[in-house]
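Beneath this line is the structure, given in structure tokens, with notes to follow.
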Amino acid sequence: MKIGLVGLGKMGRNLALNMHDNKFDVVVYNRNSEKTKEFIEKGIEGAFTYKELIDKLDDKRKIVWIMVPSGHAVDTVISQIKPFLRKGDLVIDGGNSKYTDTIKRGKMLKTDGIHYMDVGTSGGTNGARNGACMMIGGEKSDYEELKTMFEAVCVTDGQMYLGKNGSGHFVKMIHNGVEYGMMQAIAEGFEILEASDFELDNYDVSKVWSNGSIIESYLMSTANKAFSKNKKLEGIVDEIDSSGEGLWTVEEALKLKLPSYVITASLMKRFESKQNERFSNKVVAALRNEFGGHKIYKK
Ligand SMILES: O=C(O)[C@H](O)[C@@H](O)[C@H](O)[C@H](O)COP(=O)(O)O
């Protein structure tokens, strides 16, 4: 099995290295050819055009894994690779696409007999490199064909076939809604600690909470990592970006008329962060930077 990986951003590059370490043949393509050259220097096969990429894949079945930002970029890649694909080939979207877009793309590709698979990928940049969590939607037979690869690049039990096209991205979207709420709760806790007169050390508190407590978690360890570098998060501007998944989760809750207070409030906090100065906003911004390499604004 040979995978053509499109997009050598922070997630794509780590996933390509992870596949390569696990002895899966991977051919990489990136819009900016400098990154492709870096990979070729590391001994990984690269391509500089989509035609070259697809020519280098197995004749029996071309498998192209897209790791580009959600939205327009995914449609652009699909439209550019499609002329080189044939009936039975497989396109995988490993980004954070909106599940409704995934369903539309799957249907559109199906008219030419091209298979589509959605792989919601979690675990941040470190996960992509050393063992990710993947939420997978598409045809079961495609999943079965790729199962050994999913098992190799994910942590144990960290990959799951969830059902038809869209289900992988749907589950990842809700995952991110939960992520918003959990991060916000952690951030508010630290804001209250910070305002108390106990003169608490954020690093110490996040450390003890990371060892045996009920709220011990990947996110708490991430907070501990951020505070180990900067106990008071000095210099971090308290603005939090969002790439869409929280908003889509809230839209879904509204559509289903389900009261989802925490996730909705967490999303509102992000919007509010663009207007007010709050320590809790710095905490969420620092956590996103730690686990996902997302930009933080510095004073
Ligand atoms: O599970 C993960 O590894 C993260 O969720 C990852 O996918 C990314 O860091 C978020 O998409 C950021 O989302 P926001 O930009 O909306 O905070």
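Order of listing sets the numbers, starting from 1, for every ligand and every atom in it. Remember, predicted model here, so these are calculated numbers, not experimental data.
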Side chain, backbone, both or neither: which part of R270 comes within less than 4.0 Å of ligand 1 when only heavy atoms are counted?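 For R270, the contact with ligand 1 is made by the side chain alone.
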Can you report which non-hydrogen protein atom sits closest to [atom], along with the distance?
{"atom": "atom 10 (C) of ligand 1", "answer": "N176 ND2, 3.4 Å"}
{"atom": "atom 14 (P) of ligand 1", "answer": "S243 OG, 3.3 Å"}
{"atom": "atom 12 (C) of ligand 1", "answer": "H294 NE2, 3.6 Å"}
{"atom": "atom 11 (O) of ligand 1", "answer": "N96 ND2, 2.8 Å"}

Would you mind listing which atoms of ligand 1 come within a distance below 4.0 Å of any non-hydrogen atom of [X]?
{"X": "K172", "value": "1 (O), 2 (C), 4 (C), 5 (O), 6 (C), 7 (O)"}
{"X": "R288", "value": "14 (P), 15 (O), 17 (O)"}
{"X": "G124", "value": "3 (O)"}

Check: [X] N/O within less than 3.5 Å of ligand 1 N/O:
{"X": "Y180", "answer": "yes"}
{"X": "G123", "answer": "yes"}
{"X": "E179", "answer": "yes"}
{"X": "G292", "answer": "no"}

Nearest non-hydrogen atom to atom 2 (C) of ligand 1 belongs to which of G120, A132, S122, A128?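 That would be S122.
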Distance only, no hydrogens: is a donor on one side chain within 3.5 Å (strictly under) of an acceptor on the other, for [X] and [Y]?
{"X": "D142", "Y": "H115", "value": "yes"}
{"X": "S97", "Y": "D101", "value": "no"}
{"X": "N224", "Y": "S206", "value": "yes"}
{"X": "Y143", "Y": "Q159", "value": "yes"}

Examine distances only and state if a side-chain atom of T125 and a backbone atom of K10 form a donor-acceptor pair shorter than 3.5 Å.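 Not a single qualifying donor-acceptor pair exists.
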For E252, is there an ion pair with K255 - N to carboxylate O distance below 4.0 angstrom?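 Salt bridge between K255 and E252, a charged N being under 4.0 Å from a carboxylate O: yes.
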Below 4.0 angstrom, N of the basic side chain to O of the carboxylate: do D112 and R86 qualify?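 Salt bridge flag = no for R86 with D112.
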Establish, yes or no, whether a centroid distance under 6.0 Å links the rings of Y203 and F227.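 No - the distance between ring centres of Y203 and F227 does not fall below the 6.0 Å cut-off.
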Below 4.0 Å from any atom of ligand 1, is there a heavy atom belonging to H175?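 Within the 4.0 Å threshold, so yes.
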Taking all heavy atoms of D118 and all of H169, pick out the closest pair and write down the distance.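 Closest heavy-atom pair between D118 and H169: OD2-N, 2.9 Å.
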